[in-house]
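Reminder, nothing fancy here: chain letters follow the sequence lines and each chain counts from 1.
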2 protein chains.
Amino acid sequence: MILSRSAAYGVRAMIDVATVADGGIAITREVAKRQDIPQVFLTKIIQRLAQAGLLEAHRGAHGGIRLARPAGEITLRQIIEVMGGPLFMNYCLFRPGECPREKDCPVHDVWLEAQEKLLETLGNCTLAYLAERSKELCSKQTNSANQSK
Amino acid sequence: MILSRSAAYGVRAMIDVATVADGGIAITREVAKRQDIPQVFLTKIIQRLAQAGLLEAHRGAHGGIRLARPAGEITLRQIIEVMGGPLFMNYCLFRPGECPREKDCPVHDVWLEAQEKLLETLGNCTLAYLAERSKELCSKQTNSANQSK
DNA sequence: GAGTAATAAGACCTTCTTGGTCATATTATA
DNA sequence: TATAATATGACCAAGAAGGTCTTATTACTC
């Protein structure tokens, strides 16, 4: 699996906050419940996202978490990067210069191309888009549920 | 890192065989030496590639390994698949149906898109291309070495 | 047939990462 | 001061990754 669980959880949590709180504050416990993420584990993930400047955490009564930036300025790539990737195809791209055959390696450019496409796809996808899409999907589901009554 | 060492080693070994042996037989020990792969470990990798039908292994004196198919019919994707991937972005794509929110998940399609692009890039790259490129790079290097004399 | 050069196969081992829990501290509000 | 929330760090179990070692097996050559 390319994504770790932490990364997938992190993405889900961020989308949840963006969708439900809509700029306001969400409560970790409720995010965990909605997204089926072990609660204590989620707090770890939130800490990382907060330290990286993607979330703001507020302690105390009526505390919680909120996006630290507008949803349109947060991309999947950023979230996954914060959660420890991996966003490198191979060691030679992670630590350029360490591989002695870098210059005359016939696959090097293929790894690079694959990696860049991946980063592009993830970098073009913002939380705002995902939250919007989430709402669409949700309303669609509600509609079809109503229709089937 | 997306690629495991085994996968990267496997790719390097296959390119080596395709480039050096050119349809003939190569010797594991020499492949290991040229590619800086721990020899005993390489035999493991070769076993997997052989079981998967990408390599033929011949025992006994004058034995060795050769491509089991024309280099033009072997892709990076196949090699990496054999070596244990990973070629799935997320669990939901690895085991479709297991994620309860699959239908109304806003990121699902993004993971799918990223994965398909990756597979396409790797699936379009054949060993024949890589071997050709390897020879080009090698001759270029030799030329520049000669020029600098 | 003996010797030898090669791969096959499987047990094993060490280290690191992942996913996760637990206990305790800190902070802010009412 | 009680309480509702996050912060932090220690801890742990399981699995995978990377690699070694030993012992077959096979096939060629003399």
Ignoring backbone atoms, test whether Arg59(A) places a side-chain nitrogen or oxygen under 4.0 Å from the OP1 or OP2 oxygen of dA4(D).
-> no
Given dA6(C), dG9(D), dG19(D), the nucleotide with the shortest approach to the side chain of Lys44(A) | dG9(D)
Mind calculating the distance between CZ (Phe41(A)) and C1' (dC22(C)) to the nearest angstrom?
-> 15 Å
State whether the number of non-hydrogen atoms from other residues, nucleotides or ligands found under 6.0 Å of Lys33(B) atom NZ is greater than 12.
-> no
Nucleotide nearest Val40(A) (side chain, heavy atoms from C-beta), chosen from dT8(D), dT20(D), dC22(C) | dC22(C)
Shortest non-hydrogen contact from Gly72(B) toward Thr126(B) = O-CG2, 3.5 Å
Side chain of Tyr91(A): nearest nucleotide among dT20(D), dT21(C), dG18(D)?
-> dG18(D)
How many angstroms lie between atom CG of Leu76(A) and atom CG of Leu130(A), to the nearest 0.5 angstrom?
-> 5.0 Å
In whole angstrom, give the distance that lies between atom CG of Leu42(A) and atom P of dT21(C).
-> 12 Å
Does OP1 or OP2 of dA5(D) have a side-chain N or O of His62(A) closer than 4.0 Å?
-> no
Any side-chain heavy-atom pair from Glu120(A) and Lys117(B) closer than 4.5 angstrom?
-> no
Are Thr28(A) and dT6(D) close enough that a side-chain N or O sits under 4.0 Å from OP1 or OP2?
-> yes
Could you give the CD-to-P distance, from Gln39(A) to dA7(D), as a whole number of Å?
-> 13 Å
Think Tyr9(A) has a side-chain N or O under 4.0 angstrom from the OP1 or OP2 of dG19(C)?
-> no
Is there a side-chain polar atom (N or O) of Gln51(B) under 4.0 Å from OP1 or OP2 of dA9(C)?
-> yes
Of the non-hydrogen atoms in Gln115(B) and Met89(B), which two are nearest, and what is the gap between them?
-> OE1-N, 3.0 Å
Charged N-O contact under 4.0 Å between Arg12(B) and Asp36(B) | no
Atom-to-atom span, CE of Met83(B) to C1' of dA17(D) - whole angstrom | 12 Å
Choosing from dA6(C), dT21(C), dA7(D), which nucleotide comes nearest the side chain of Pro38(A)?
-> dT21(C)
Let me know the distance between CD1 of Ile45(A) and C1' of dT18(C), rounded to the nearest Å.
-> 11 Å
Rounded distance in Å - CD1 (Ile46(B)) to P (dA6(C)) | 13 Å
Could you check how far CZ of Arg48(B) sits from P of dT7(C), rounded to whole Å?
-> 18 Å
Grab the CZ-P distance between Arg5(B) and dA16(D) for me, whole Å please.
-> 19 Å
If each of His58(A) and Ala7(A) is mapped to the nucleotide of DNA chain C with the nearest heavy atom, which maps nearer the 5' terminus, i.e. the 5' end?
-> Ala7(A)
Pick base, sugar-phosphate or nothing for Thr43(B), based on heavy-atom distances below 4.0 Å to the nucleic acid.
-> nothing
Pair of N/O donor and acceptor under 3.5 Å linking dA7(D) base with Gln47(A) side chain = no
Residue Ala61(B), side-chain atoms from C-beta onward, closest of dC28(D), dT7(C), dT29(C) | dC28(D)
